[in-house]
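Whatever order the structure lists ligands and atoms in, that order sets their numbers, starting from 1.
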Amino acid sequence: MLLGVNIDHVATLRNARGGEEPDPVLAAEICEKNGAASITTHLREDRRHIKDIDVKTLRKTLRTRLNLEMAVTDEMQKIALSIKPHSVCLVPEKREEVTTEGGLDVARQIIRITNFVSPLINEGILVSLFIDPTEEQVRAAAQTGVQFVELHTGQYSLAYGTPDEEEEFMKLNEASRLAHALGMQVNAGHGLNYQNVHRMRQIEDLNELNIGHSIISRAVFVGLDKAVKEMNDLIK
Ligand code: PXP
């Protein structure tokens, strides 16, 4: 299983002082050197962490893959078509949220999503939909023509160590199996950390995990190189 590192919170820290440190581009380089198979950034409508220039620079400097997380808006579609990241992951986005809450409701907007992803796919960009691990959402995602889904692990992460853990884990396991059977590749992420990540290894068809907050938080104490290596060791 591959590790994708989300570097948004390096930019959160940088923006707290309005200067240039710490530099998310340098952070991405360190992640790559220490085993990250891809780098994820979420360009939000309010640009609260990652900015347009970061995405443009990363597109040029990354040696692995740039995965651009974005909302389903005309503005973001235009940016993706111009920057041409290796992949995009479509997420729901609300201005007031602290982080992405819940998956994209693909089932209620299959036609809209199908029309939105079509020019991206035609340009050779791989498209992933960030969805809750339910049969309804997986089947809807398959209808849009995307090559990937990213299963939302937030509920599993919250339930880890509680009586609900098994149920949440099984939802991920079944959604992964179904998505794979329907011809899509399966990634997962949100809320995963050094304690709860190990069970992701039990899910057969998982391709890549996208992990941000826990790695950047650990990096404060042990350094980004070690934080990435430790996570990679846990998921191998
Ligand atoms: N995947 C998606 C689609 C996300 O929106 C996020 C958060 O930006 C992550 C993965 C990473 O989540 P975390 O920061 O909790 O590891």
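When only interatomic distances are considered, the shortest N/O to N/O separation between H213 and ligand 1 falls below 3.5 Å. Taking any N or O of L192, backbone or side chain, none lies under 3.5 Å from an N or O belonging to ligand 1. Polar contact check, G191 against ligand 1: a nitrogen or oxygen pair lies under 3.5 Å apart. Distances between N or O atoms of E150 and those of ligand 1 include at least one value under 3.5 Å.
Set against the non-hydrogen atoms of V91, the atoms of ligand 1 under 4.0 Å away are 3 (C). For ligand 1 and E69, the ligand atoms under 4.0 Å from any heavy atom of the residue are 1 (N), 2 (C), 3 (C), 4 (C), 5 (O), 6 (C), 8 (O). Below 4.0 Å from some heavy atom of N6 lie the following atoms of ligand 1, by number and element: 8 (O).
Side-chain atoms of T40 and N6 include no donor-acceptor pair closer than 3.5 Å.
The closest approach between H42 and ligand 1 stays at or above 4.0 Å for every heavy atom of the residue.
Partners of H86 according to the ring-ring contact (aromatic ring centres under 6.0 Å, His included) rule, which considers only residues two or more places apart in sequence or in another chain, do not exist here. In this structure R139 satisfies the side-chain contact (heavy atoms from CB on, under 4.5 Å) test together with E135, L178, L182, sequence neighbours excluded.
Under the side chain to side chain contact (heavy atoms under 4.5 Å, CB included) test applied with I215, the options N193, V5, I7 reduce to a single match, V5.
The aromatic rings of H152 and H190 sit tilted relative to each other, their planes meeting at an angle between 30° and 60°.
For the pair R218 and Y194, the cation-pi test (distance below 6.0 Å, angle within 45°) is passed.
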